[in-house]
Amino acid sequence: MDLIDEVRSTVNTIPDGKVASYSDIGAHLGVGPRRIGRIMGLLDDDVAWWRVVYSDGRPAVCHCGTAPQILAAEGTPFTGERVAMTHARHRFD
DNA sequence: AGCCTGACAGATA
DNA sequence: GTATCTGCCAGGC
């Protein structure tokens, strides 16, 4: 099981209406957030990248046009242009 | 081998 | 709340 698959699997674990930060996923997998970002870039459309946001709650990379839209459609709580991490952050088991 | 860059985050001012 | 700096891990040149 490569870290790639681990990340993809972990991201797919996030339910609708929830999100996770890079550091959250990284902590869950036992790696630094930087690694997650790198891997996310390698992954394809199989992952719900829009559910992966910065620790601040801002959508990654400036997908600031589509991501918020998808998240809002899934029921993700928003605080202005920022995701309400406090309520939308998914807890990995 | 060395340097630069990058889907990051936390600390500090 | 915004702006800057530093630390971390990999990959490309």
Side-chain angles (χ1 to χ4, degrees):
Chain A
M1 201 61 153
D2 289 309
L3 190 55
I4 310 290
D5 294 312
E6 291 283 347
V7 175
R8 179 165 41 194
S9 179
T10 304
V11 174
N12 279 321
T13 300
I14 306 172
D16 293 9
K18 292 291 183 73
V19 297
S21 68
Y22 291 88
S23 85
D24 278 347
I25 300 172
H28 180 66
L29 299 179
V31 300
R34 208 79 184 215
R35 291 278 287 284
I36 306 302
R38 183 163 303 291
I39 292 168
M40 289 297 291
L42 301 176
L43 290 173
D44 306 290
D45 330 305
D46 301 322
V47 293
W49 49 265
W50 57 86
R51 289 181 195 160
V52 184
V53 300
Y54 288 142
S55 65
D56 299 70
R58 296 179 308 206
V61 212
C62 257
H63 286 118
C64 313
T66 59
Q69 183 177 296
I70 301 174
L71 293 171
E74 294 184 338
T76 306
F78 263 85
T79 303
E81 299 185 0
R82 200 186 342 276
V83 178
M85 295 296 283
T86 309
H87 277 265
R89 194 152 80 120
H90 173 64
R91 295 180 181 178
F92 296 103
D93 300 313

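Computation of the quantities below employed the complete heavy-atom set of this structure, encompassing side-chain atoms and omitting hydrogens, waters and symmetry-equivalent molecules. Proteins get letters first, then strands, A, B, ... in listed order; numbering begins at 1 in each.
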Let me have a per-nucleotide readout for nucleotides 6-13 of chain C, 5' to 3', with B, S or -, counting only protein heavy atoms under 4.0 Å.
-> -BBBBS--
Taking only heavy atoms on the protein side, list every residue of residues 86-93 of chain A lying under 4.0 Å from any atom of DNA chain B, sorted numerically.
-> none
Looking only at heavy atoms, the pair that brings A:A84 and A:T79 closest together is CB-OG1, 3.4 Å
Quick one: pull up CZ in A:R8 and CE in A:M40 and give me the separation to the nearest 0.5 Å.
-> 11.0 Å
Got a second to check how far A:L3's CG is from A:R38's CZ, nearest 0.5 Å?
-> 12.0 Å
Rounded to the nearest 0.5 Å, what separation is found between the CG atom of A:D93 and the OG1 atom of A:T13?
-> 9.0 Å
Grab the CD1-P distance between A:I39 and B:dG6 for me, whole Å please.
-> 19 Å
The reported gap from CD1 in A:I70 to CG in A:D16 (rounded to nearest 0.5 angstrom) is 11.5 Å
Passing candidate, side chain to side chain contact (heavy atoms under 4.5 Å, CB included) with A:V53, options A:R89, A:R82, A:M85 | A:M85
Find the distance between CD (A:E81) and CZ (A:R58) and round it off to the nearest 0.5 Å.
-> 10.5 Å
Calculate the interatomic distance between A:E81 atom CD and C:dG1 atom P; express it in whole Å.
-> 13 Å
Expected list for residues 12-27 of chain A near DNA chain B, using heavy atoms below 4.0 Å, is A:S21, A:Y22, A:S23
Distance, rounded to the nearest Å, where A:L29 contributes CG and B:dC8 contributes C1' | 15 Å
For A:D24 and A:R91, what are the C-alpha separation, side-chain angles and deciding distance, and is it a salt bridge (Lys or Arg N to Asp or Glu O under 4.0 Å)?
-> CA-CA 9 Å; A:D24 278 347; A:R91 295 180 181 178; over 6 Å; no
Pairwise distance CD(A:E6) to CD1(A:I39) - rounded to 0.5 angstrom = 9.5 Å
With under 30° as parallel and over 60° as perpendicular, where do the rings of A:Y22 and A:Y54 fit, or are they tilted in between?
-> tilted
